[in-house]
Amino acid sequence: MSNYNYLLEIYRAAGDDRLLTIANSLIKKLNDLYRFFEPTHFRGRLLVFQALDNKDIVPNARKTKHITNNFLLNPKSEQIIIQVLDDDTVELIEDLDSTDEIFNSKEVVIYSYSQSYECFFAHNKKIEIPRVNNAGSMFAGWFAELCEAFDHYMYHFVLHTSSCPSLKKIWFDKNKIFLRGGGKNLPEKYIQESLEVFLKARLRGVSVVREYNNGGSKPVDIRVSWGEAHRSALIEIKWLGKSCNSSGKISTQYSSSRLREGAAQLKEYLDLAASDTPEIITKGYLIALDGRRKGTSEKTVDINREKGCFYQYIDESEQYKDYLKNIFNFERPYIMFAMPIVSSTC
Amino acid sequence: MSFNHNALYDSISIAHKLDNFLDAFKMEEIHLFSYFSSILFVYEGNTSAHWSYRYIVNNGYPYSSELQEALDRDLSNGWFEPNGDFHRVSARGIDELNKFKKLDVFKSREKYLDAACTTSIMMPYKETIRALSSDVNLSKASTINNNQWMEYTLVSSKFREISEQLGVPTGDLTIPSLSWLQHLLNESEDRQ
């Protein structure tokens, strides 16, 4: 069980009500700062502290006052040290040889972040902050919420029969053996529709746009953006399996190599976003609805569990692992297997 | 029913805080954080009657008809604007709130609303909601389909007991708020 009572620990370490007031203020400021800073894209250390009466703890260091927090969007340095002031502005502290003066001061509360580990310090005592899944920091939960939304969509909408009217349209047959094809962008457009509606209902403070034109060879399937948090997620949707046209003929067939194509497209979008909108923190997500079944032909009308679920647990990471490893904002793809309706008699 | 000005103030103040912290809010969240604020109010030694409106449990969430009337008024006045399945406070809403804030009669409520809403950024928000909605007083009232007013005696004595055990500083509300949420999370975990 995570312990979120770190404020009490700060108070116990500090033993001073005034430092408790500062800790409250510091936490609110972290909520603001993280709107401009993505911890999972940062390999260095971030220190943010607030001092009693705005005391100048490191008088010999170079300080630059900032009224806005834009300077955090594309950090150049591996160490970022910020002092929060009472008027809600901050000072960026540079050319500091040692942080000892800050840590040794009894008049500050310090927040530290490094490599997905964050904690507070008061009177040189460390107070840990619980880790949050999929987020570098507890104060930067936007992309983590998106990942939770994908997990929910995968298990409650895709895996089993869903009541989502758009997702129902993607199937050619009632047993969900073949997807519906034979038309422009089928079945992809229904998957897009379904995911768009789901994300709009699930995520707060977002704009969700389908077919977002970012100047690439084709539009991005879905773009989710958090305007207030300077973030966006580019989502490329693919499907795997066989689709049938209205005559029952197999019109298209996609195997796992489609994932590689999707990854390449996503890389193109991420490169464009980096050059066109560098002030927006962007991550890329490949979503694949996996409707592959084993050994099917146009005559197949029902399927057993062994053939229907053959691909459910197959690891396809070979198709995209290079992208995942080498592109810092290419996130773990979601391969969402859709169960067929299986028959026990075939 | 005469209009409840405290409920109106709370509705717009809580909405603005949640909007600032979380970028949007749902109406049921206003009820939830209002109820949480009222617990803090009673914890500090005030009587629940002085909070000036009461709650029942509706679908597992605390609900106040006075607060809902205020929220309806916020919407019809254009102080809230829809944002998908959520809402945001409009520029007009912020103007109105700033006018309200100048009135002394509402100033004393701010610290309870602020402490309650600040918990939404002090832990992952879904944990804040999980904690608040796992309060046994809510689930008991839901289970017996009870439309009785929610009562504070048990929750406030437990709240005070936990705060005393932990040695929280007097005059501060944020630590007791977080401690209470942690207690609710621990209890919920133990019940599973």
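Letters A, B, ... mirror the listed sequences (proteins, then strands); counts begin at 1. Worth saying up front: this structure is predicted, and the values here are computed from it rather than measured.
Here the rule is side chain to side chain contact (heavy atoms under 4.5 Å, CB included) with A/Asn24, and of B/Leu173, B/Asp172, B/Asp114 only B/Asp172 fits it.
Interatomic distance, CG of A/Asn5 versus CD1 of B/Ile175, reported as 7.5 Å (0.5 Å rounding). Annotation: the span from B/Leu166 atom CG to A/Leu8 atom CG amounts to 5.5 Å, rounded to 0.5 Å. Here the CG-CG distance, from B/Asp85 to A/Leu203, works out to 10.5 Å after rounding to the nearest 0.5 Å. A distance of 9.5 Å separates CG of A/Leu7 from OG of B/Ser177, quoted to the nearest 0.5 Å. Rounding to the nearest 0.5 Å gives a distance of 7.5 Å between CG of B/Leu178 and CD1 of A/Ile27.
There is no contact between A/Glu145 and chain B, counting heavy-atom distances below 4.5 Å. Only the side chain of A/Trp142 comes within less than 4.5 Å of a heavy atom of chain B; its backbone N, CA, C and O stay farther away. Only the backbone of A/Arg202 comes within less than 4.5 Å of a heavy atom of chain B; no side-chain atom from C-beta onward does. Contacts of B/Tyr125 with chain A are made by side-chain atoms alone, with heavy-atom separations under 4.5 Å and no backbone atom involved.
Top candidate by heavy-atom pairs under 4.5 Å with chain A, chosen from B/Asn186, B/Leu22, B/Thr118, B/Asn83, is B/Leu22. Residue with the most contacts toward chain B among A/Val206, A/Asn31, A/Ile10: A/Asn31 (heavy-atom pairs, distance under 4.5 Å). Most heavy-atom pairs under 4.5 Å with chain A: of the set B/Gly84, B/Pro176, B/Pro169, this distinction falls to B/Pro169. Per-residue heavy-atom pair counts under 4.5 Å with chain A were compared for B/Glu189, B/Lys26, B/Met122, and the maximum is reached by B/Met122. Annotation: maximal heavy-atom pairing with chain B below 4.5 Å, among A/Asn3, A/Thr21, A/Asp17, A/Asp32, occurs at A/Asn3.
Around atom NE2 of A/His152, more than 12 heavy atoms belonging to other residues, nucleotides or ligands sit under 6.0 Å away. Taking a 6.0 Å sphere around NZ of B/Lys126, one finds it holds 12 or fewer heavy atoms contributed by other residues, nucleotides or ligands. B/Asn98 CG: more than 12 foreign heavy atoms inside a 6.0 Å radius. In A/Ile67, the CD1 atom is not crowded: 12 or fewer heavy atoms of neighbouring residues, nucleotides or ligands sit closer than 6.0 Å. Shown here is A/Tyr117, whose OH atom has more than 12 heavy atoms of other residues, nucleotides or ligands within 6.0 Å.
With a 4.5 Å cut-off on side-chain heavy atoms, B/Met123 and A/Val132 do not count as touching. Put simply, the side chain of A/Arg204 does not reach to within 4.5 Å of the side chain of B/Leu18, judged on heavy atoms. Using a 4.5 Å heavy-atom cutoff, the side chains of B/Leu185 and A/Tyr4 are in contact. Taking the side chain as every heavy atom from C-beta outward, A/Met138 and B/Glu127 never approach each other to under 4.5 Å.
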Hey, mind stepping through B/Arg88 and A/Glu228 against side chain to side chain contact (heavy atoms under 4.5 Å, CB included) and telling me if it holds? CA-CA 12 Å; B/Arg88 302 211 65 176; A/Glu228 305 272 347; 3.2 Å; yes
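The two atoms that bring A/Arg35 and B/Asn20 nearest to each other are NH2-O, 3.0 Å, heavy atoms only. In plain terms, the two heavy atoms of A/Gly205 and B/Ala24 that are nearest each other are N-CB, 3.7 Å.
Proximity of a side-chain donor or acceptor of B/Gln182 to a complementary backbone N or O of A/Ser2 within less than 3.5 Å is detected.
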